Every structure is written in C-alpha cells, then in structure tokens.
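Along the sequence shown, residues carry numbers from 1. Computed from a prediction, not measured in an experiment: that's the story for all the values here.
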Amino acid sequence: MAAYDIPSLRKLISLKLQNPQNETSIDLTIPNNLGITPTFLACRNDDCHTLKLLANRGGVDLTEPCDVTQFGTILFYAVYFRKRKIIEALWELGYDLERMPCDKFGRGALYYAERRDDGELLAFLREVIGRGSVWDFMAVLIGKVVRGFLVRKRMRVVRG
C-alpha cells in the first residue's frame with residue numbers, strides 16, 4: 001500500500017470489493033513503505049467505518065498485530081491512543097474485549113489502560129466489557145421485543 005490517508009485507503013478497499021474473485025489483487029494486511037498497516041491507519045484516524053470495512057469485507061483479522069514490529073493489535077493502539085470509537089467498534093464487531101490480546105505477550109486492554117493511569121478510559125473499558133458480547137446484548141434486546149409483542153397480543157385477546 002503506497003497511500004497514507006483514509007480516502008486512498010477507502011479507495012483501495014472499494015477496488016478490492018469490486019473484484020472479489022481475484023483475492024490476490026489487493027492484500028489489505030500488508031503495511032506500506034513506512035510500516036503502516038491499514039488497520040493501524042484506521043485506528044490512528046479514529047475511523048470506525050474503514051475499520052469495519054476492513055474486518056467485514058476486507059478479510060483482515062483484527063486480533064493480529066498491526067504494526068511493523070508485530071507487537072500490538074488494533075485494541076492495543078485503540079487503548080494507547082484513547083480511541084473510544086474504535087473500542088466501541090471492536091465490541092460491535094463481536095470481539096471479546098476482555099479476552100482479546102493487545103500484544104504478543106497476551107496482555108489485555110485493561111492491563112494497558114491501568115498502565116496508562118487513565119481512570120476515564122479504564123471506566124469506559126470496564127463499562128464496555130461489562131456489557132458482555134454484542135450477541136448477548138442482541139439476544140436480550142430481541143427477548144424484550146418478543147415479550148412486548150406477546151403482552152400486546154394477550155391484551156388484545158383479553159379486550160376482544
């Protein structure tokens with residue numbers, strides 16, 4: 001990848017999506033000449049849309065290191081740069097933020113938030129982790145909708 005900005009990265013993603021048969025045409029996991037990967041660039045610029053495209057349609061594994069030294073994952077850099085939108089996007093993509101490793105040693109997001117001594121970010125991370133997985137959240141939401149529907153149905157039967 002020779003581009004360094006988000007518009008050119010989105011253009012590369014759209015080119016890859018236009019030609020899905022040729023999977024080898026554009027590899028979105030390869031860093032550019034400076035060692036910057038598309039996932040790192042999306043994180044640094046707080047661009048959730050591009051990150052979601054990379055994960056969902058670009059075939060990028062967000063649990064893999066995204067820097068030239070192969071040290072930190074996207075979650076590590078989201079915590080390091082205090083990118084709440086990126087952390088929220090990872091949760092929406094279904095990643096388990098409590099167990100997802102941040103570095104090659106397997107340390108997690110809470111470890112790095114505590115090391116940064118950032119109480120606000122630590123509280124935010126605990127709140128997001130406390131939600132459980134997005135699938136659990138959706139199951140509870142669907143359950144509420146179904147229960148509401150059944151209650152309304154019973155009310156019609158009682159009235160009618």
Side-chain angles (χ1 to χ4, degrees), residues 1-139 141:
M1 182 178 91
Y4 305 108
D5 58 359
I6 291 294
S8 17
L9 178 58
R10 285 192 180 157
K11 188 172 184 177
L12 278 175
I13 294 169
S14 67
L15 286 172
K16 180 174 177 71
L17 296 178
Q18 288 172 2
N19 192 7
Q21 305 89 314
N22 191 358
E23 290 294 324
T24 59
S25 62
I26 299 173
D27 187 357
L28 297 172
T29 61
I30 296 175
N32 64 9
N33 300 351
L34 297 176
I36 299 171
T37 62
T39 52
F40 180 85
L41 184 64
C43 177
R44 188 69 180 111
N45 290 302
D46 210 11
D47 188 1
C48 299
H49 178 69
T50 302
L51 185 69
K52 288 177 182 178
L53 278 175
L54 286 167
N56 291 331
R57 312 274 308 275
V60 175
D61 181 12
L62 299 180
T63 61
E64 294 295 318
C66 66
D67 57 358
V68 71
T69 61
Q70 297 292 300
F71 176 77
T73 65
I74 191 72
L75 183 57
F76 169 79
Y77 288 104
V79 170
Y80 182 79
F81 294 127
R82 296 179 175 102
K83 302 295 184 178
R84 291 176 176 222
K85 288 183 193 175
I86 298 294
I87 294 169
E88 189 81 28
L90 288 169
W91 180 79
E92 289 172 2
L93 287 167
Y95 287 93
D96 184 355
L97 301 182
E98 189 171 21
R99 292 187 183 90
M100 183 177 171
C102 276
D103 62 13
K104 63 183 175 183
F105 303 111
R107 293 178 285 221
L110 290 174
Y111 172 81
Y112 282 106
E114 288 169 357
R115 296 273 321 247
R116 289 191 61 81
D117 198 25
D118 187 345
E120 194 174 309
L121 181 66
L122 191 57
F124 174 74
L125 265 172
R126 286 188 175 135
E127 186 258 321
V128 172
I129 289 171
R131 295 179 198 164
S133 75
V134 73
W135 306 115
D136 295 339
F137 178 74
M138 292 304 292
L141 186 63

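The minimum heavy-atom distance linking Leu62 with Met100 is given by the pair O-CE, 3.2 Å. Considering all non-hydrogen atoms of both residues, Cys66 and Ile74 come closest at SG-N, 3.8 Å. The two residues Ile86 and Cys48 have their closest heavy-atom pair at N-SG, 3.9 Å. Nearest heavy-atom pair across Gly72 and Asp67 is N-OD2, 3.3 Å. Considering all non-hydrogen atoms of both residues, Cys43 and Ala78 come closest at SG-N, 3.5 Å. Nearest heavy atoms, Leu75 versus Leu97: CD2-O, 4.0 Å.
When the shell of 6.0 Å around CZ of Arg115 is examined, it contains 12 or fewer heavy atoms from other residues, nucleotides or ligands. Atom CG of Asn56 sits in a crowded spot, with more than 12 heavy atoms from other residues, nucleotides or ligands closer than 6.0 Å. Surrounding CD of Glu120 are at most 12 heavy atoms belonging to other residues, nucleotides or ligands under 6.0 Å away. More than 12 non-hydrogen atoms from other residues, nucleotides or ligands lie less than 6.0 angstrom from CZ of Phe124.
Counting only heavy atoms from C-beta outward, the side chains of Ile87 and Leu121 approach each other to under 4.5 Å.
Within the 3.5 Å criterion, the main-chain N or O of Pro101 finds a donor-acceptor partner in the side chain of Thr73. Thr50 places no side-chain N or O within 3.5 Å of a backbone atom of Ala42 that could act as its donor or acceptor partner.
Distance check: Asp46 CG to Arg84 CZ gives 11.0 Å after rounding to the nearest 0.5 Å. Taken from CD in Glu114 to CG in Leu125, the straight-line distance is 9.5 Å, to the nearest 0.5 Å. Summarising the geometry, atom OG1 belonging to Thr37 is positioned 13.0 Å from atom CZ belonging to Arg44; distances are rounded to the nearest 0.5 Å.
For Phe40 and Tyr77, the distance between ring centers is under 6.0 angstrom.
Each of Phe81, Phe105, Phe71 was scored for a ring pair (Phe, Tyr, Trp, His ring centres under 6.0 Å) with Phe76, with one residue passing: Phe71.
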Quick one, Tyr112 with Asp103, criterion side-chain hydrogen bond (donor to acceptor under 3.5 Å, both in side chains). Give me CA distance, side-chain angles, the key distance, then yes/no. CA-CA 10 Å; Tyr112 282 106; Asp103 62 13; 2.3 Å; yes
Which is it for Glu88 and Lys52 under the salt bridge (charged side-chain N to carboxylate O under 4.0 Å, His left out) test, yes or no, and what are the steps along the way? CA-CA 11 Å; Glu88 189 81 28; Lys52 288 177 182 178; over 6 Å; no
